[in-house]
Amino acid sequence: MPVAIPQLFLSWQQYGSPAYDCSAVHESGQWWSVNHGQPQLALGTWSVLFGTISLTLENRSLQIMIWLAAVDIVALSVNSFSLGILLLQGAVYCTYPLYNYVTGCIALGSWCGASIGGLVLVINRMRALLRRVGWMESNISSVLIFTTFYWAYYTLFTPPGFANSKYQTFLFTPVIYASDEFNILIQASLICLFDVVASATHASLHLLVSQSDNQLPRI
């Protein structure tokens with residue numbers, strides 16, 4: 001059954017609600033900054049300089065790691081901190097539908113973003129060890145823009161996972177109806193299958209490398 005909440009721009013309708021209507025008090029603009037804000041010269045200057053320096057650093061691996069760290073912070077805030085609170089409450093999707101939907105989008109997008117960021121970092125380090133210099137090294141900003149779009153795509157355009165305290169995980173179904181239980185079985189089976197295949201492949205590669213090392217002539 002399709003989820004009723006719009007998948008893209010989830011909060012757009014809520015943005016137009018009375019709770020977000022600034023003009024009920026005063027027209028939006030600098031009046032709000034003067035009467036309700038406070039300039040932060042030190043923190044603002046530091047933020048601008050830090051971002052500028054980080055983006056222009058010659059150390060390309062550091063740029064990737066900074067990007068990856070930002071994604072990991074977002075991912076941990078949802079996949080660990082937020083999920084933990086929901087588990088303590090025994091919450092499911094319908095306990096907080098909108099919150100679960102939004103955090104589910106962020107959780108999936110951040111996980112995919114961290115995955116592609118880690119892959120880019122590995123490729124970068126391998127090329128550095130092999131002393132390869134090419135398009136990737138000269139256009140690291142373009143690579144990070146691609147990973148950002150990849151992150152955004154999975155956040156905004158793909159079905160999210162929902163925190164479920166009964167099954168202690170994120171599920172790609174809200175489990176509103178009894179028939180959703182079968183989908184959980186399929187999801188769990190596929191994840192286990194991929195884990196087994198990946199583990200077997202990893203172990204086989206280690207065995208092949210070990211045998212190759214043993215066959216090399218000793219000096």
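Only this structure's heavy atoms are used, side chains among them; waters, hydrogens and symmetry mates stay out.
Put simply, the side chain of Tyr153 reaches to within 4.5 Å of the side chain of Thr158, judged on heavy atoms.
Through chains of ILVMFWY side-chain contacts below 4.5 Å, Ile85 is grouped with Phe81. In the hydrophobic clustering (ILVMFWY side chains linked at under 4.5 Å, chained through shared members), Phe149 is joined by Ile145.
Summarising the geometry of Gly113 relative to Val71, their closest heavy-atom pair is C-CG1, 3.9 Å, with the distance given to 0.1 Å. Scanning both residues, Val78 and Thr103, for their nearest heavy atoms gives CG1-O, 3.3 Å. Across Asp72 and Ala114, no two heavy atoms sit closer than the pair OD1-CB, 3.5 Å. The heavy-atom pair separating Val74 from Ser110 by the smallest distance is CG1-OG, 3.4 Å.
By the rule that hydrophobic residues join a cluster once side-chain heavy atoms approach within less than 4.5 Å of another member, Ile123 and Ile66 end up as members of one cluster. When hydrophobic clusters are built by joining Ile, Leu, Val, Met, Phe, Trp and Tyr residues whose side-chain heavy atoms come closer than 4.5 Å, directly or via intermediates, Val92 is not grouped with Tyr101.
Annotation: side chain to side chain donor-acceptor pair (under 3.5 Å) contacts of Ser82 (sequence neighbours excluded): Tyr99. A search for side chain to side chain donor-acceptor pair (under 3.5 Å) contacts involving Tyr96 returns Gln89, not counting sequence neighbours. The side chain to side chain donor-acceptor pair (under 3.5 Å) search around Thr148 returns Trp67, not counting sequence neighbours.
Ile116 contributes atom CD1, which lies 11.0 Å from atom CG of Leu144 (distance to the nearest 0.5 angstrom). Rounding to the nearest 0.5 angstrom, the gap separating the CG atom in Leu76 from the CG atom in Leu83 is 11.5 Å.
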Stepwise side chain to side chain contact (heavy atoms under 4.5 Å, CB included) check, Leu119 with Ser115: CA-CA 6 Å; Leu119 178 61; Ser115 299; over 6 Å; no
Before giving the answer on side chain to side chain contact (heavy atoms under 4.5 Å, CB included), spell out for Asn100 and Leu86 the whole-Å C-alpha distance, their side-chain angles and the decisive distance to 0.1 Å. CA-CA 9 Å; Asn100 264 307; Leu86 293 175; 3.6 Å; yes
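Results of the side-chain contact (heavy atoms from CB on, under 4.5 Å) test with Thr45 over Val48, Leu43, Leu41 single out Leu41 as the only residue that passes.
Sequence neighbours left out, not one pair with a member in residues 110-133 passes ring pair (Phe, Tyr, Trp, His ring centres under 6.0 Å).
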